[in-house]
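So that the names make sense, note that chain A is the first sequence line, chain B the second, and so on, each numbered from 1.
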Amino acid sequence: MADISDKARDEFFSEAQEIIEGFSRDLVALDDAEKRGQGDPDLVNDIFRAVHTLKGLAGLFGANKMSTLSHDLEEILDDLRLGRRPLSREVLDMLFRAINVYEQILLVERSDKQIVPAEVEAFLSQLTVFARRDLAPSASPQVSYELDAGLLAVLTEYEEHRLRTNIQNGFALFRIRARFNLITIDEELERLKAKAKPFGEIITYLPTGEGGDIDAIDLEVLMASRTQYDRLVEVLGGPNVKVEEVAKRIQQPALHLTPAPPAAISEEPPPPDPARSSEAPRMALASTPPPAAAARSPSDAAEIRASKDVGPGLSLRSVSQTVRVDIRKLDHLMNIVGELAIVRSSLARITERVRSNPALRELGVDLHRLHRGFERHLGEMQDGILEVRMVPIGQIFEKLGRVARQASREAGKQVNLVITGAETEVDKLIVEELSDPLMHMVRNAIDHGIEPPGDRGKVGKPDVGTIAINAFQKGSHVLIEIEDDGRGMDPKLLIETGVRRGFITEDASHEMSSREIFGLIFIPGFTTKASADMLAGRGVGMDIVKTNIGRLGGIIDVQSERGIGTKMTITLPITLAILSALIVQVGLHTYAVPLSSVQEALVYDLGQVRSIDGREVMTLRGATLPLIHLSRLFGVEGDATRARGFIVVVSAGPRRLGVVVDFLEGQQDIVIKPLGPSLRGVRGFAGAAQLGDQRVGLVLDAPALVEEVLAGDAGKSSLGFRRDVA
Amino acid sequence: LSDLARAPRNLGRRTHSLERGPVTEYLAFRLASEVYALPLAHVREILTLPPLTFVPRAPPDILGIISVRGLLVTVIDLRCRLGVEQAPANKRTRILLVPSPTGEMLGLHVDEVLQVYRLGEAEIEPAASALGGNVADHVAGIGRRDGTLLILLSLHPLLASTR
């Protein structure tokens, strides 16, 4: 890449990434539309524009491979737009692969190593051949509608193609005349387009040059539709909108059907009358196509199209009201809020001291009021920053669509991916970290879950398998369910494999609950499939999925029924940046327990505690609650002088554990920070947080503790040093 | 690069440096009764002991974590690592902030910081010749000055066992 500043480079990458994501989104939508048998020309256009922009970007930054790729894609897409090339599976596959290649190229560019993978080179040369392939010449236009020659002359090649396609498909043409206020024309036009979209396609729109005044302008919109005239009038019509049907094959141009195009654009139409031309120059600046006589290259056509979409009244002022922000800057702001929260806690203590002094009553009241105000604003600020960090989880679902498509093709299976809840919002960092585990789970579902089409038929299932992904918010958590209607998991096979590989003993296997049995798939190195295959056998197993989700403070749960399917549920906190925690003490040590994993806190009453097989348990509302003394678990000295302790009931999914501590200090919002790499091997802590007065408290990783205590025999003795556990 | 930076100062002591060879600055500190020294260039900061948070389950030579302006720093017990007898912390206890080979900032817990020594190459005995072949990697050599014996440490081997 050429020598450019880091900042510009960052901008380049984030912009390119954004465009590629849009490309990907549109392509998935196009693929869907195509499957339903209804092509969407708007999507092809959007993709064409995305590629065109990428080409420009690549040129600007000297990313040569990206230029080449964009150039060839642009040609193919232009052919698609203009109907010179049908939208075949082959083309779609090529486009899907192109997204991966774009991403690979970006990686190469970012790494500065400039070593282009061989597969990228291979794809580029393949694409070049593909783009240059001879195409069947397009049919000559046969317009059977009576349209003004002047109008036809100003149609771009693309618009001509769309007009022809619509006529060939038996659509009727309508002419809509609408008057727009110049100030609000952008929005009004968009509204009209949105209203018209379900009923047909808008082929072009031009200013009529008639009837407008200083504040308003008349546009003529040519629309193709299968809908009846009356219905269209009903939907689109209004005080400023008139709909007319364009008559078929009328030899004599009817007067009202022939509004002239603005300005003398081609030689063929009669010169417009003076009144019209006086209107024309104003519009010419904004949206008039270039003279038809000039040869239009495909990319010219695209630019015209693009500028038209902006609509008349185009200006150079950016329409975007958004800013792109590096997430680290938000982290920094969040850290400051965290520090302020510590100031607030100290302030609260001082306020209490002042208030309890009768001599300072008045001062205390004032201070208390100030403190309340500070607290409220700080809370609002925290919420505001958190809100900025939130993005719809749908961002990764789009990637999943692509992965599912590719994986199902490779596996020779047909899969329909059904996504709901894409608008559910989650912290940006969580979304980033979630994409790999989810991708792996979808691949797994396709590879191991969904049966080959033949087998599905035999058990009376439809040939096309379904993978449903559903995301929704539940309290301060986000749940993501990945459900397939495949063959389900066989508990017997899981147990057999577990015993054979020595993960469980024969005896233990008889006492396992179904949850524990399905939990076996999360053990590193556990696989029931004889040979690791391309899809799911890449060394990234479900254990990694579980670890990654655990790192986000989430848990994963499996349900499966043979012959019916498998459902995996991921439960995640909404944000990582700040969390409410219960501060507890064990002897001289202070720990924070994230409130998201705390169910309740109880007084530790020896009278209710029973000992079973060396473990302490108690009965809580009819269910057995295993207990663990934090002092024993961590090998630290508890407070022996304290007669009573407290039990913090923590949960991981459906499992509960009572953690016995000496004292509950209260609730506090904390900014959690990761422990250094030198402590990576230490399990049981999610990080540490500043608790005020320079104190640092360790934050318990409650799900990991639940896991550890309930899985092992840690309840009987404290664990030793585990530094070698990576 | 650090040699370059120091060049102008060396000019003033030319006669000495000619005799002593290239000069390196060492920060000397005490652990129990022994005096150790690390190249000063490695030491980013010297802190008085902030509240230390014990980390259960951590390796025995990790004393805990501290917060240095919001950054969590793991504190390493040099006594434990160097096999020196244990003693409680006191007023003179200091934390030396040093970067690990992986770039993590680590704290070294020492009993007392003494002074900076400028040692020429000629004043340093390489570990192998002074102590024989079988010396731990983290001992770089022995420095002598004014009757004091300095055990010169090499930072990266010293931290190599910290991951």
Student: May I ask you to test the A:L675-B:L72 pair for a side-chain heavy-atom distance under 4.5 Å?
Tutor: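 A side-chain contact under 4.5 Å exists here.
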Student: Can you list the residues that meet the ring-ring contact (aromatic ring centres under 6.0 Å, His included) rule with A:F685, with sequence neighbours excluded?
Tutor: A:F634
Student: Using a cut-off of 6.0 Å, state whether more than 12 heavy atoms not belonging to B:E85 lie near its atom CD.
Tutor: no
Student: Do the non-hydrogen side-chain atoms of B:R57 and A:L679 ever get within less than 4.5 Å of each other?
Tutor: no
Student: Is the number of heavy atoms from other residues, nucleotides or ligands under 6.0 Å of A:I336 CD1 greater than 12?
Tutor: yes
Student: Contact between A:L698 and B:P56 at the side-chain level, heavy atoms closer than 4.5 Å - yes or no?
Tutor: yes
Student: What pair of heavy atoms forms the shortest contact from A:V682 to B:A58, and how long is it?
Tutor: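 Taking every non-hydrogen atom into account, CG2-CA, 3.7 Å.
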Student: Please identify each residue that fulfils ring-ring contact (aromatic ring centres under 6.0 Å, His included) with B:F54, with sequence neighbours left out.
Tutor: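 In terms of ring-ring contact (aromatic ring centres under 6.0 Å, His included), with neighbours along the sequence ignored, B:F54 is linked to A:H589.
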Student: Take a 6.0 Å sphere around CD of A:E637 and say whether it holds more than 12 heavy atoms from other residues, nucleotides or ligands.
Tutor: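 No - once you tally the heavy atoms of other residues, nucleotides and ligands closer than 6.0 Å, there are 12 at most.
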Student: Is there a donor-acceptor pair closer than 3.5 Å between any side-chain N or O of B:E104 and the backbone N or O of A:S678?
Tutor: yes
